[in-house]
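Both counts, for ligands and for their atoms, begin at 1 and track the order of listing. It should be emphasised that the depicted structure is a prediction, and the values quoted were computed from it without experimental measurement.
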Amino acid sequence: MGVIRAVIKGCGHYLPERVVENDEFTETLDTSDEWIRARTGIERRHFAADDQKTSDLAYEAAIVALKNAGMTGNNLDTIILATATPDQTFPSTATRLQHAIGMTGGFAFDIQAVCAGFIYALANATALIESGHAKTVMVIGAETFSRIVDFTDRGTCVLFGDGAGALVLQAEEGTGSGEDRGVLSTDLNSDGKYNDLLYVDGGVSSTQSTGKLRMNGQEVFKHAVSKLASSGKKALEVAGLQASDVDWIVPHQANLRIISRTAKKMGVSMDNVVVTVQDHGNTSAASIPLALSVAEQRGQIKKGDLLLLEAIGGGLAWGAAAVRW
Ligand code: UT7
C-alpha cells in the first residue's frame, strides 16, 4: 500500500564571510591552535558581521535551497526554522524569513531544541507532510552563536560558529519500505534533569537579558556518545534498517572525538561519516543541514544514499533520523 513520504527536493547553505582561525583566540586567551585541534577537531569557524542577523543567514541558505529545488517562496506552504539565537524574542525568525523570501501564504514557526533543533524540525515537518497538513516544507537551521558565547571563557568560546542550512521537503508517494526516498524515521528524546549541563544564563522571564552560554563540557561529552548511538540505532530499527545499510552518518558537528566515538559504537567506518567541524565549528541547529549541503557539493552524498542524522545539545535534547537522499 502506498504511503506519503517527505522527500528532499533541494538543499542549500550559507556561511558568513568572516573566517576566524584558531590562532585568533590566542591574542586574548590562554589557548592554542594545537589544543583546540586536538580536543575538538576545529580549525576555524565563521562569524556573522555586526549587521547580520540569524534571519539574514537563513535567507541566504533558503534562497539556495529553493533554487536547487526549482521553486520560489510561494511554492512552500510551511517553514520550520530551528534556532536558539533568534533575531528577536518575538516574532519568530521563521516569519521574518517567510516575508523575505516572498512567501505570502501558509505558515512559519520556530523550533527551539538548541543543537538538536534541526532533527526536531525535520521530525515535525515529516509529521505535517505524512498527516496531510502540509505538502511542501522548508526545514532550516540558522544560528549566530557568536552573539551568546562568553569570549573570556576559553572552554566554550572557541567551539562555536555561525551559519545556516536549509532543506526543502515535499510530499511524494512511497511504498512504505526502507528503499523509499525521503525521511524514513525519526527518534526524538529530551531529559530536563540535565538543564544545568549546557544553558544560557539569561532570558526574558528570568533576567530580562540575553545571557551567555555556559557548559559543563566533560559531562555533555559523556552523555553525547551513548545517547547519540542509541538514538541512531533506534531510528534505523524503526525504519527496518541496520548500520550496515548506512551510506553516510551526517552527525551534529560539535567535536570530532564525539563524532568518531559515536560512529565506532554504531559500527560505521569514519570513511562513511561526513565531517565539517574543522571548518564550521559547532553551529548548533545549523550544523546538520550545513553538513548535508557541503557533503552534496563535495559529491559525497548522492540521490538514493541512506543517511543517518544524529544530534544532541542543551536540554539535554537529542535525536536521530534515517533519511534516503
Ligand atoms: O553541541 C552541544 C553539545 N556540546 C558538546 O558536544 C561539547 C561536548 N564537550 C566537549 O566537546 C569537550 O568536553 C570540550 C571540547 C568542551 C573540552 O574538552 P575536554 O577534553 O573535555 O577538556 P576539559 O574540559 O577536561 O579540560 C581539560 C583542560 C582543563 O585544564 P586543567 O584543569 O586540566 O588544567 C581546561 O581548563 O583543558 C583546559 N582548557 C583549555 N586549554 C586550552 C579548556 N578549554 C581550553 C582551551 N585552550 N580553549
Side-chain angles (χ1 to χ4, degrees), residues 20-45 82-85 112-121 141-146 148-163 165 189-192 194-200 212-232 249-263 265 273 275-278 280-291 309-320:
V20 178
E21 301 286 342
N22 287 345
D23 274 338
E24 208 173 309
F25 291 96
T26 63
E27 292 164 19
T28 50
L29 289 171
D30 179 15
T31 188
S32 65
D33 178 44
E34 295 73 33
W35 190 95
I36 301 169
R37 276 177 200 249
R39 298 290 180 120
T40 71
I42 299 167
E43 297 171 24
R44 61 193 65 80
R45 73 289 291 139
T83 190
T85 47
Q112 154 58 303
V114 206
C115 298
F118 184 77
I119 303 278
Y120 273 60
E143 302 276 20
T144 46
F145 260 56
S146 63
I148 56 163
V149 291
D150 174 356
F151 283 104
T152 65
D153 176 11
R154 68 177 183 173
T156 54
C157 72
V158 302
L159 305 174
F160 295 91
D162 302 337
N189 310 269
S190 65
D191 191 341
Y194 299 118
N195 276 187
D196 292 347
L197 296 186
L198 176 50
Y199 64 100
V200 167
K212 295 292 178 199
L213 183 148
R214 308 292 170 208
M215 177 167 71
N216 181 336
Q218 272 189 0
E219 282 302 311
V220 176
F221 193 112
K222 276 187 218 158
H223 286 285
V225 177
S226 63
K227 288 181 165 50
L228 290 172
S230 67
S231 184
I249 293 184
V250 187
H252 171 48
Q253 309 283 323
N255 186 317
L256 187 57
R257 291 186 293 143
I258 295 176
I259 293 172
S260 58
R261 284 188 204 183
T262 306
K265 212 169 165 84
V273 179
V275 179
T276 56
V277 70
Q278 71 281 5
H280 303 167
N282 181 346
T283 58
S284 182
S287 99
I288 289 178
L290 257 168
L309 320 181
E310 29 105 328
I312 186 166
L316 295 174
W318 68 101

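Of the candidates Ile36, Asp153, Val20, Asp33, Ile36 is the only one forming a side-chain contact (heavy atoms from CB on, under 4.5 Å) with Val158. Partner of Pro251 under the side-chain contact (heavy atoms from CB on, under 4.5 Å) criterion, out of Ile312, Ile258, Ile259, Leu256: Ile259 alone.
The side-chain hydrogen bond (donor to acceptor under 3.5 Å, both in side chains) test applied to Lys222 returns Glu219, not counting sequence neighbours. The side-chain hydrogen bond (donor to acceptor under 3.5 Å, both in side chains) search around Ser230 returns none, not counting sequence neighbours. For Glu143, the side-chain hydrogen bond (donor to acceptor under 3.5 Å, both in side chains) partners at least two apart in sequence or on another chain are Thr83, Thr85, Ser284.
Salt bridge status for Asp196 with Arg214: absent, with no side-chain N to carboxylate O gap under 4.0 Å.
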Please produce the table of protein N or O atoms sitting under 3.5 Å from N or O atoms belonging to ligand 1, one pair a line, distance to 0.1 Å.
{"residue": "ligand 1", "atom": "1 (O)", "partner": "His252", "partner atom": "NE2", "Å": "2.8"}
{"residue": "ligand 1", "atom": "1 (O)", "partner": "Asn282", "partner atom": "ND2", "Å": "2.6"}
{"residue": "ligand 1", "atom": "9 (N)", "partner": "Gly217", "partner atom": "O", "Å": "3.0"}
{"residue": "ligand 1", "atom": "11 (O)", "partner": "Asn255", "partner atom": "ND2", "Å": "2.7"}
{"residue": "ligand 1", "atom": "13 (O)", "partner": "Gly217", "partner atom": "O", "Å": "3.2"}
{"residue": "ligand 1", "atom": "20 (O)", "partner": "Arg39", "partner atom": "NH1", "Å": "2.7"}
{"residue": "ligand 1", "atom": "20 (O)", "partner": "Arg257", "partner atom": "NH2", "Å": "3.0"}
{"residue": "ligand 1", "atom": "22 (O)", "partner": "Arg39", "partner atom": "NH1", "Å": "3.4"}
{"residue": "ligand 1", "atom": "25 (O)", "partner": "Gln218", "partner atom": "NE2", "Å": "2.5"}
{"residue": "ligand 1", "atom": "36 (O)", "partner": "Arg154", "partner atom": "NH2", "Å": "2.9"}
{"residue": "ligand 1", "atom": "37 (O)", "partner": "Trp35", "partner atom": "NE1", "Å": "3.3"}
{"residue": "ligand 1", "atom": "41 (N)", "partner": "Trp35", "partner atom": "NE1", "Å": "3.4"}
{"residue": "ligand 1", "atom": "47 (N)", "partner": "Thr31", "partner atom": "OG1", "Å": "2.6"}
{"residue": "ligand 1", "atom": "48 (N)", "partner": "Thr31", "partner atom": "OG1", "Å": "3.1"}
{"residue": "ligand 1", "atom": "48 (N)", "partner": "Arg154", "partner atom": "O", "Å": "2.9"}

